[in-house]
Protein chains: 2
Amino acid sequence: MALDRVFEALASRPRREILAYLSAQELTAGEIAGRFAMSAPAVSRHLSILETAGLVSSERRGQYVYYRLNSDNLVNTLTGFAFEICPHGRPLKRESRQLRSTKRNA
Amino acid sequence: MALDRVFEALASRPRREILAYLSAQELTAGEIAGRFAMSAPAVSRHLSILETAGLVSSERRGQYVYYRLNSDNLVNTLTGFAFEICPHGRPLKRESRQLRSTKRNA
DNA sequence: TAAGCAATTAACGAATTAGTTAATTATTTA
DNA sequence: TAAATAATTAACTAATTCGTTAATTGCTTA
């Protein structure tokens, strides 16, 4: 099930940090690894888990492998799940209104 | 960190199923356990993890312990995280618009 | 082609998770 | 008070996760 892999992927602080890094720009595996204390192979495993979950995509360009965030999938999965669990949630609607009001900040 | 506990709690299919059960109505620990193949102590541990994460609340009434969903916390945490990672996400805004259009279904 | 850098895969060990059954605590009621 | 039911905690085991270092693969360039 896709949800299983997404939530498993998100259940790790370093993996969530990787997503945050990638939200600003695409980065190579090495650039990502450079931001963590752990070894490059460990980061590579985290990237693989994120990619299997569909949260990031990778593309090799020459010697480097670039990673970028699949923000559509992340957002759709999380809001879809929240809505499934709480279809009548007032908080979600409040949040939605806030989001609507922040029209063009990107 | 609160996020850690929330995402760890959500990284388990039985725990997500418990949340779905509780989205419809509050239930006793025994009623919840009755819907799973696993033992009551195992379900009790899952409930404890969900409660520590702030996703459910419990209240003892006589012999029984009733559990209910903290939908505010679930929804706010997930949408807050999604927005933090993807502040410019079009998908979230689309979802928000959909939610706004489903005015009073609860 | 050989050397060098980037990245992943392989092999392994420590720590955590998820389940089990047995024991304990809390409450009700005969 | 004693027995019965609901729920949790304790103690334990099997399986998984997360990190390490070593080896391998892919690409570039001297």
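All of these numbers come straight from a predicted model, not from anything done at the bench. All chains are named by letter (A, B, ...) in the order of the sequence lines, taking the proteins before the strands, and each is independently numbered beginning at 1.
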Spatial distance of atom CD1 (I18(B)) from atom CD1 (I85(A)) [nearest 0.5 Å]: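 One finds 11.0 Å between CD1 of I18(B) and CD1 of I85(A).
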5' precedence on DNA chain C between V65(A) and S12(B) (nearest-nucleotide basis):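 The residue whose closest nucleotide sits nearer the 5' end is V65(A).
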Reading 5' to 3' through nucleotides 24-30 of chain D, protein heavy-atom contacts under 4.0 Å coded B for base, S for sugar-phosphate only, - for none: --BSS--
dA6(D) phosphate, OP1 or OP2, under 4.0 Å from T28(B) side-chain N/O: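 Answer no for this pair, as no side-chain N or O of T28(B) is under 4.0 Å from OP1 or OP2.
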Hey, does [Y] have a side-chain heavy atom less than 4.5 Å from the side chain of [X]?
X: S57(A); Y: Y67(A); answer: no
X: L22(B); Y: L50(B); answer: no
X: L78(A); Y: T79(B); answer: no
X: L74(B); Y: C86(A); answer: yes
X: L10(B); Y: F81(A); answer: yes
X: R5(A); Y: M1(A); answer: no

Closest nucleotide among dT17(D), dT20(D), dA7(D) to the E8(A) side chain: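 Selected nucleotide: dT17(D).
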Least distance between heavy atoms, L55(B) atom then A9(B) atom: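 L55(B) and A9(B) have their closest heavy atoms at CD1-CB, 4.0 Å.
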DNA chain D-proximal residues of residues 43-53 of chain B, any heavy atom under 4.0 Å: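 Of all residues in residues 43-53 of chain B, the ones placing a heavy atom under 4.0 Å from DNA chain D are S44(B).
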Atom-pair distance (CG on D4(A); P on dT17(D)), nearest Å: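 It is 12 Å, rounded to the nearest whole Å.
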Y67(B) OH - dA6(D) P separation (whole Å):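 Roughly 15 Å, once rounded to whole Å.
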Plane angle bin for F7(B) and F7(A) - parallel if under 30°, tilted between 30 and 60°, otherwise perpendicular: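 Taking F7(B) first and then F7(A), their aromatic rings sit tilted (interplane angle of 30° to 60°).
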Ring-face cation contact, Y21(A) with R35(A), 6.0 Å cut, 45° max: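 Pair R35(A)/Y21(A) counts as cation-pi.
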Terminal contacting nucleotides, 5' and 3', DNA chain C versus chain B (heavy atom, 4.0 Å):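 In short, chain B contacts DNA chain C from dT17(C) to dT28(C).
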Sugar-phosphate only, base, or nothing, as touched by A42(B) at under 4.0 Å among non-hydrogen atoms: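 Base: the residue A42(B), judged by heavy atoms under 4.0 Å, touches a nucleobase.
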Residues E59(B) and R61(B) bridged, charged N to O under 4.0 Å: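 A salt bridge links E59(B) with R61(B).
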